[in-house]
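Position 1 is the first residue of the sequence; numbering continues from there.
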Amino acid sequence: MLMFFSVASIISILLALISFWLPSMAPDSEKLSPYECGFDPLGSARLPYSMRFFLVAILFLLFDLEIALLLPTPWSMQLTNPLLTIIWTSTIIILLTLGFIYEWIQGGLEWAE
């Protein structure tokens, strides 16, 4: 057991040290900015917000929620009635797939026109 913790600690320390030395340090104004949305933090707060960015962010959250809903599926297959689990899982996947196809057809995933 002591050997396991020693090897795990050594590997962790080595990976942490390598992660500090490996990346190239080339900071620029975007990397040093506290905001990640691409807006100038010192500029006007009344700039129009990109609706496409908002829609893609909502789609990302929706599919992220899908993963959270489907995560317990393997454990629920051990229940007494796994058919109900399969029906609900299939319903979620089908609804999200239909929504994704609708968004694709409507052009909601197009960044450039």
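Applying the under-4.5 Å side-chain rule to Ile, Leu, Val, Met, Phe, Trp and Tyr, the cluster around Ile67 consists of that residue alone. Members clustered with Phe4: Met1, Phe5, by chain and number, using a 4.5 Å side-chain heavy-atom cutoff among hydrophobic residues. Hydrophobic cluster membership for Met3: Val7, Ile11, Leu15 (Ile, Leu, Val, Met, Phe, Trp, Tyr linked by side-chain heavy atoms under 4.5 Å, directly or transitively). The hydrophobic cluster of Tyr102 has no other members, since no ILVMFWY side-chain heavy atom comes under 4.5 Å of it.
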Below 3.5 Å, can you tabulate the donor-acceptor pairs from side chains in residues 87-101 to any protein atom, sequence neighbours excluded?
from, atom 1, to, atom 2, distance (Å)
Thr89, OG1, Thr85, O, 2.8
Ser90, OG, Ile86, O, 2.8
Thr91, OG1, Ile87, O, 2.7
Thr97, OG1, Ile93, O, 2.7

Could you give the side-chain donor-acceptor pairs of residues 70-83 under 3.5 Å, partners two or more places apart or in another chain?
from, atom 1, to, atom 2, distance (Å)
Thr73, OG1, Leu70, O, 2.9
Ser76, OG, Pro72, O, 3.4
Ser76, OG, Thr73, O, 2.9

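Atom OG of Ser12 is separated from atom CD1 of Ile10 by 10.0 Å, given to the nearest 0.5 angstrom.
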